[in-house]
Amino acid sequence: MPASPHSVAPSKTTAIIVAAGSSRRMGFNKLTAELLGQPVLRWTLAAFDACPDVDDLLVVVGDATRPLVTAWIAEGAFTKPVTLSEGGAERHLSVHEGLRKLQADTTIVAVHDGARPLITRAQISACIARAREVQAVACARPVVETLKRVNAQGVIEGSIPREGAWIMETPQVFDRELLCTAYERVILDGLLVTDEVSAVQHLGVPVQVQDNPSPNLKITYPADLELAAQLLHGYAGDTRLEDKRQKT
């Protein structure tokens, strides 16, 4: 039956998981590090695989993560389609390469750091829903700590106002056409951006925040693994934990 002239094409959402970093500050690859018996990256991918508002996953991989994700796909670890993209020398180049491999029917893109394994399905859905309304959304949390400016000698020089200050997290979710245009401009202008918000702001387009009430730390140092394990234990309703329990 032909589509109604007033029908609206479904909004397909693809999650781009950035998993090609070198983990310089960690001392070893944080994405393959063990977290409650599974690699960090496996927890991250499981969250997006379990989210009902994500249709497929595109994982940007490097030398350390490519064999892992390839093996997981082969063993049928995911309920949704998963494709791979090769990473670049910098994060923005990796994301740009991933954007070039999106399927034609993707309309919403959620970009997430593979080293943030604590993201919840509820927060992913909240960011996607908001992006469908306003085109550009970043998962974030307001700064609550006191901020100080410190010089090169480690001496505190003054205070930094925290009013209106937010810590950017991921996923950062955008209209596909907007994000692709933003990254093409970034590449053309030779810029180095560390997140999608910066790329879209370069176009002069506003990005809204989606407050995240749940811990969503980025694994950066070895101590973060222990903290992440403790926090994951607190996610009683997380199907990722249920799946792990059934396999152990």
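All residue numbers in this chain count up from 1 along the given sequence.
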- [ ] Answer yes if the ring centres of H92 and Y183 are under 6.0 angstrom apart, and no otherwise.
- [x] no
To the nearest 0.5 Å, tell me how far [X] [atom1] sits from [Y] [atom2].
| X | Y | atom1 | atom2 | result |
| --- | --- | --- | --- | --- |
| E177 | Q135 | CD | CD | 8.5 Å |
| E184 | L99 | CD | CG | 8.5 Å |
| F78 | L57 | CZ | CG | 7.0 Å |
| S85 | K101 | OG | NZ | 4.0 Å |
| C139 | E169 | SG | CD | 4.5 Å |

Would you mind reporting whether [Y] and [X] have side-chain heavy atoms less than 4.5 Å apart?
| X | Y | answer |
| --- | --- | --- |
| V109 | V173 | no |
| P142 | D211 | yes |
| Q172 | D195 | yes |
| F174 | C180 | no |
| S159 | L147 | no |
| V95 | V60 | no |
| L118 | W43 | no |
| L178 | L203 | yes |

Under a single-linkage definition using a 4.5 Å side-chain heavy-atom cutoff for Ile, Leu, Val, Met, Phe, Trp and Tyr, are [X] and [Y] assigned to the same hydrophobic cluster?
| X | Y | value |
| --- | --- | --- |
| V200 | L191 | yes |
| F48 | L58 | no |
| V137 | I128 | no |
| L31 | I17 | yes |
| V82 | L68 | yes |

TODO: Decide salt bridge (Lys or Arg N to Asp or Glu O under 4.0 Å) for R66 and E86; before the verdict, give the C-alpha distance in whole Å, the side-chain angles of both, and the deciding distance to 0.1 Å.
DONE: CA-CA 9 Å; R66 186 186 307 105; E86 294 298 317; 2.6 Å; yes
Does either side chain, that of [X] or that of [Y], offer a donor lying less than 3.5 Å from an acceptor on the other one?
| X | Y | answer |
| --- | --- | --- |
| Q123 | N216 | no |
| S125 | D53 | yes |
| T107 | K12 | no |

Do any N or O atoms from the side chain of [X] and from the backbone of [Y] form a donor-acceptor pair under 3.5 angstrom?
| X | Y | result |
| --- | --- | --- |
| R130 | V209 | yes |
| T65 | V61 | no |
| T170 | D113 | yes |
| N212 | A140 | no |
| D224 | T220 | yes |
| E97 | G87 | no |
| K80 | V54 | yes |
| T44 | G114 | yes |
| H112 | R116 | yes |

- [ ] For a side chain to side chain donor-acceptor pair (under 3.5 Å) with D56, tell me which candidate from T14, T106, T13 qualifies.
- [x] T14
Open item on the list: Whether E196 and R91 form a salt bridge (side-chain N of Lys/Arg under 4.0 Å from carboxylate O of Asp/Glu) is what I want to check.
Closed with: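 Counted as a salt bridge, because a side-chain N and a carboxylate O are separated by less than 4.0 Å.
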Task: Cationic tip of R141 above W166 ring, under 6.0 Å, 45° of axis - done: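 Judged by the rule (NZ or CZ under 6.0 Å from the ring centre, within 45° of its axis), R141 is not positioned above W166.
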- [ ] With I16 as reference, evaluate V59, L102, L179 under the side chain to side chain contact (heavy atoms under 4.5 Å, CB included) test and give the passing residue.
- [x]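 Of the listed options, the one satisfying the test is L102.
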Task: L231/L217 under side-chain contact (heavy atoms from CB on, under 4.5 Å): CA gap, chis, key distance, verdict - done: CA-CA 10 Å; L231 291 169; L217 66 86; 3.9 Å; yes
